[in-house]
Amino acid sequence: SSANHSRISAEAVISTFASAIGLPCSSVMIGRVAKAGTADLNAAVAAADTGFALWRAASPLKRAAVLRGAAELLRARADQIAPIMTLEQGKPIAEAKVEITASAEILEWFAEEARRSYGRIVPSRLDGSLHMVLKEPVGIVAAFTPWNFPISQAARKLGAALAAGCAVVIKPPEEAPASPAALVQALIDAGLPDGVVNVVYGIPAEVSETLIPHPKVRKISFTGSTPVGKHLAAMAGAHMKRITMELGGHAPAIVFDDADLERAADVLIAAKFRNAGQVCIAPTRFLVQRGVYDRFVDLLKERIEALRVGPGIEAETTIGALANPRRVEAIEALVDDAIAKGARCVTGGTSGQGDGWFYTPTLLAEMPLSARAMNDEPFGPVVLVAPFDTTEDAISEANRLDFGLAAFGFTGSLERAEAIRTRVEAGMISINHWGIAFAELPFGGVKDSGYGSEGGLEAIESYLVTKLVSQMP
Ligand code: NAD
């Protein structure tokens with residue numbers, strides 16, 4: 001939509017998209033969002049400035065009440081919001097509901113953390129004086145969130161920022177705009193004062209080029225691809241803005257010959273195909289010890305062939321359409337390249353079922369390291385398997401790439417688990433089960449996967465600044 005009619009309410013965005021429920025599953029226009037131009041972005045920052053003055057002065061209990069209220073509204077509205085998310089993003093409706101309730105939990109976690117942004121008193125060496133270490137909100141935050149988890153990625157940033165007392169200008173994804181608008185509507189309905197959260201959609205580069213250098217904006221938080229994250233981090237560095245960067249991954253999943261193979265296959269297939277693989281922490285390089293390699297490939301194949309591809313709105317669907325045509329093209333190119341370089345396609349490997357951006361869940365075995373998929377983040381429904389011989393081989397392959405977000409290991413041996421825990425370079429490691437991405441746990445990567453945390457105690461810290469006040473009466 002053009003820049004000159006950019007102000008619309010969150011409610012209007014949601015209702016336009018809601019009216020599309022029941023339309024054919026894809027290839028139809030389901031709604032429009034307003035595009036923010038420079039004047040709108042500056043107006044959003046000005047509104048945030050007013051909102052910040054109010055919100056930083058609100059007690060942590062008041063902030064917590066709004067976050068908790070929004071969590072309750074999200075839960076109460078989950079059945080209305082989930083089909084909107086499925087329609088605009090593609091994921092199965094059951095997954096959309098899980099995302100909404102998990103987001104409610106994220107808001108509740110930060111509501112609790114709001115009350116625990118403790119400073120401290122340092123015993124003074126100067127008689128009669130007091131050294132106070134105070135925590136204050138960093139200021140106005142510019143937040144950029146992606147289309148794969150339209151509500152929960154926004155909930156992580158908004159929850160932490162609002163708990164800390166910050167105001168936010170958020171650019172949710174233009175490709176899935178209505179469900180994040182529903183999150184913001186829940187905050188408004190729970191009593192969030194005007195100006196504290198401001199939603200803009202637009203041309204991503206134009207929005208970041210206006211917001212990041214803006215003198216009133218003090219903190220940048222981005223979730224998305226590594227190349228875009230590096231670009232935005234450099235811009236933020238040039239303007240001395242604090243950053244949180246949650247970027248791409250290429251998670252190794254190491255399966256040793258002493259692992260419970262059935263359990264490993266169950267956990268890894270569920271984690272891999274959630275949201276059709278469009279997940280930054282999805283297991284990607286399945287490294288399987290040679291003695292159990294053939295058997296494990298069979299176990300994976302069985303489970304993959306039981307998945308059901310279809311429109312996300314249908315209750316039986318376990319893999320919905322991909323979020324956009326770029327993903328289908330990217331997956332086709334990666335699969336063709338892998339097969340040309342010697343990979344064996346065990347199952348799947350086709351796109352274009354029906355009307356929509358579908359891609360069959362795919363298993364590629366004997367993956368050569370030269371294949372692009374073993375180096376670039378596939379971000380789609382493709383399992384890549386390669387054999388290994390020794391622990392040393394597995395760890396060295398796990399650490400070969402510049403990514404360092406999630407990693408998985410399956411073994412019955414404490415010694416091997418210890419090797420994974422201590423030597424794999426990743427921000428989040430889960431051994432013998434799925435145990436990451438919960439609200440109370442740190443969420444973030446190392447190396448090219450980013451900087452900072454979007455969960456746990458650490459998340460709120462990145463929206464606070466430390467001020468020392470040393471006072472003599
Ligand atoms: P992309 O690199 O074009 O965009 C990724 C995200 O960044 C989008 O949300 C987009 O709106 C935003 N963006 C792009 N350029 C921007 C700019 N100059 N300023 C501000 N925001 C900008 O890629 P895409 O095709 O949308 O997504 C594909 C890739 O993105 C995937 O392969 C994956 O690596 C990555 N991704 C990661 C996550 C994650 O959770 N870490 C989520 C979505 C996408």
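Remember, it's a predicted structure, so these values are computed and weren't measured experimentally. Atoms within a ligand are numbered from 1 in the order they appear, just like the ligands themselves. Sequential numbering from 1 along the given sequence is applied to the chain's residues.
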Lys/Arg-Asp/Glu bridge criterion (N-O < 4.0 Å) met for E72, R75: no
Test side-chain hydrogen bond (donor to acceptor under 3.5 Å, both in side chains) applied to E454 - qualifying residues, sequence neighbours left out: K157, T223
Side chains of Q153 and N148: any donor to acceptor distance under 3.5 Å? yes
Partner set under side-chain hydrogen bond (donor to acceptor under 3.5 Å, both in side chains) for E174, not counting sequence neighbours: K171
Listed by chain and number, what are the side chain to side chain contact (heavy atoms under 4.5 Å, CB included) partners of D49, not counting sequence neighbours? I140, K216
Any salt bridge between E246 and R156, counting N to O under 4.0 Å? no
Protein N/O near ligand 1 N/O, under 3.5 Å, which pairs?
residue  : atom   : partner : partner atom : Å
ligand 1 : 2 (O)  : S225    : OG           : 2.6
ligand 1 : 19 (N) : P204    : O            : 3.3
ligand 1 : 19 (N) : S208    : OG           : 2.8
ligand 1 : 25 (O) : R326    : NE           : 2.8
ligand 1 : 25 (O) : R326    : NH2          : 3.2
ligand 1 : 26 (O) : W147    : NE1          : 2.9
ligand 1 : 26 (O) : R326    : NH2          : 2.9
ligand 1 : 34 (O) : E377    : OE1          : 2.2
ligand 1 : 40 (O) : N148    : ND2          : 3.4
ligand 1 : 40 (O) : Q153    : NE2          : 3.2
ligand 1 : 41 (N) : G224    : O            : 3.4
ligand 1 : 41 (N) : L247    : O            : 3.2

